[in-house]
Amino acid sequence: MKIRIVIILAGILGNMLPAAESAGLLGGTASAVKAVLFPRQEALIAVKVDGTLLRHYYLVGQRFKAGDTITQIDDAHYRLLAARSEAQKLEAATLATIAADNFDAQRKLYEENMQSKVELDRRAAELATARSRKKITEAEYSEAILNLGYCRITAPFDGRVEEILIREHETVRNGQPVIRIIGDRELL
């Protein structure tokens with residue numbers, strides 16, 4: 001592709017040289033012109049999770065649109081982690097609700113002088129712990145969903161596949177490049 005564009009561009013510039021020389025733009029001496037064109041957008045796409053590369057949806061030279069899935073990592077493990085994390089998040093939310101109810105009940109008893117300050121403080125600590133655990137499990141769930149999304153590699157721009165670095169059914173590690181893409185509609 002690059003060679004064809006350079007040859008075409010050289011032909012166009014070759015046709016323009018006599019006109020430029022006759023107009024006095026080249027100072028009376030014709031010289032050879034060399035141009036090298038590069039794609040404006042180019043990316044070496046790496047995976048963000050460990051796993052097995054299931055499928056490349058595009059082969060070398062094939063065009064794709066921005067947002068298209070270009071590569072898929074096996075997501076079975078990450079789906080299970082997301083489901084487990086969701087269950088833990090729900091459990092922590094339930095325990096936080098129970099801890100809040102217990103604290104409210106102890107506070108009412110304390111206000112009626114039927115409970116000691118120590119017992120109220122214990123319930124306050126349990127409530128704070130339950131709320132912390134709830135925030136932790138919510139963050140873990142968000143991370144699990146994020147990792148699940150990383151199993152599907154999408155194109156950041158319109159373009160075509162330049163090179164496939166990892167074959168289907170091979171194991172990949174976080175940060176390992178798997179495919180090189182270019183956006184060659186606009187050249188530098």
Side-chain angles (χ1 to χ4, degrees), residues 39-58 64-183:
R40 181 159 169 65
Q41 295 176 309
E42 184 173 9
L44 180 62
I45 306 293
V47 295
K48 294 183 180 180
V49 292
D50 298 341
T52 301
L53 195 144
L54 285 183
R55 182 171 180 209
H56 288 295
Y57 288 91
Y58 296 91
F64 51 79
K65 298 280 185 202
D68 286 353
T69 300
I70 53 177
T71 301
Q72 178 71 42
I73 306 297
D74 184 9
D75 64 354
H77 174 70
Y78 295 100
R79 278 187 280 120
L80 290 173
L81 290 177
R84 180 185 319 155
S85 183
E86 182 179 25
Q88 290 171 341
K89 181 182 84 159
L90 293 173
E91 177 187 21
T94 302
L95 292 176
T97 301
I98 292 169
D101 292 344
N102 283 340
F103 176 75
D104 287 341
Q106 290 296 323
R107 187 173 39 98
K108 287 176 185 174
L109 290 172
Y110 175 74
E111 289 170 355
E112 295 172 2
N113 289 324
M114 298 179 74
Q115 195 60 264
S116 69
K117 175 77 168 134
V118 173
E119 195 61 37
L120 180 64
D121 290 344
R122 182 178 300 146
R123 297 294 185 235
E126 288 174 0
L127 177 59
T129 302
R131 286 180 175 163
S132 288
R133 183 69 189 140
K134 180 181 173 194
K135 285 184 179 181
I136 289 169
T137 57
E138 287 171 350
E140 288 171 346
Y141 176 70
S142 295
E143 182 182 25
I145 293 299
L146 188 65
N147 285 335
L148 181 59
Y150 288 152
C151 292
R152 190 175 137 256
I153 300 172
T154 58
F157 51 79
D158 291 353
R160 67 180 176 86
V161 175
E162 179 73 8
E163 180 181 11
I164 293 176
L165 304 169
I166 301 294
R167 293 178 292 212
E168 293 177 350
H169 310 294
E170 289 185 340
T171 302
V172 291
R173 305 295 272 162
N174 181 0
Q176 185 176 1
V178 293
I179 194 166
R180 181 185 311 275
I181 60 173
I182 61 171

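Note that the structure is a prediction, hence the values are computed from the model and not measured. The analysis underlying the following values was restricted to heavy atoms, covering all of them including side chains, and did not include hydrogens, waters or symmetry mates.
Listed for the Asp75 side chain is no donor-acceptor partner under 3.5 Å among the backbone atoms of Leu148. Between the side chain of Glu112 and the backbone N or O of Leu109, no donor-acceptor pair lies under 3.5 Å. With Asn174 contributing its side chain and Asp50 its backbone, the two residues share no donor-acceptor pair below 3.5 Å. Between the side chain of Ser85 and the backbone N or O of Leu81, no donor-acceptor pair lies under 3.5 Å. Using modelled atom types, no side-chain atom of Glu163 and backbone atom of Ile181 make a donor-acceptor pair closer than 3.5 Å. The closest donor-acceptor contact from the side chain of His56 to the backbone of Ile166 lies under 3.5 Å. With Thr154 contributing its side chain and Gly67 its backbone, the two residues share no donor-acceptor pair below 3.5 Å.
In this structure, Gln72 and Thr69 approach most closely via the heavy-atom pair OE1-CG2, 4.3 Å. Scanning both residues, Ala96 and Arg131, for their nearest heavy atoms gives CB-N, 4.5 Å. Across all non-hydrogen atoms, the minimal contact from Ile182 to Glu162 is CD1-OE1, 3.2 Å. The shortest heavy-atom contact between Arg55 and Glu168 is CA-OE2, 3.4 Å. The nearest pair of heavy atoms linking Gly175 to Ala46 is O-CB, 3.6 Å.
The pair Arg123-Glu119 meets the salt-bridge criterion, with a side-chain N (NZ, NE, NH1 or NH2) lying under 4.0 Å from an Asp/Glu carboxylate O. For Glu91 and Lys89, the salt-bridge test fails: no basic side-chain N is under 4.0 Å from an acidic carboxylate O. We find that Asp104 and Lys108 are not joined by a salt bridge, their nearest charged nitrogen and carboxylate oxygen being 4.0 Å or further apart.
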Glu86 vs Arg84, test: salt bridge (charged side-chain N to carboxylate O under 4.0 Å, His left out). Steps then yes/no.
CA-CA 5 Å; Glu86 182 179 25; Arg84 180 185 319 155; over 6 Å; no
Report task. Could you check Arg167 against Glu170 for salt bridge (charged side-chain N to carboxylate O under 4.0 Å, His left out), going step by step and ending with a plain yes or no? Result -> CA-CA 6 Å; Arg167 293 178 292 212; Glu170 289 185 340; 3.0 Å; yes
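Side chains of Tyr58 and Asp68: a donor-acceptor N/O pair is present below 3.5 angstrom, by distance only.
Side-chain contact between Leu54 and Ile73 is absent, with no heavy-atom pair separated by less than 4.5 Å. With contacts defined as side-chain heavy-atom distances shorter than 4.5 Å, the pair Val161/Phe64 qualifies.
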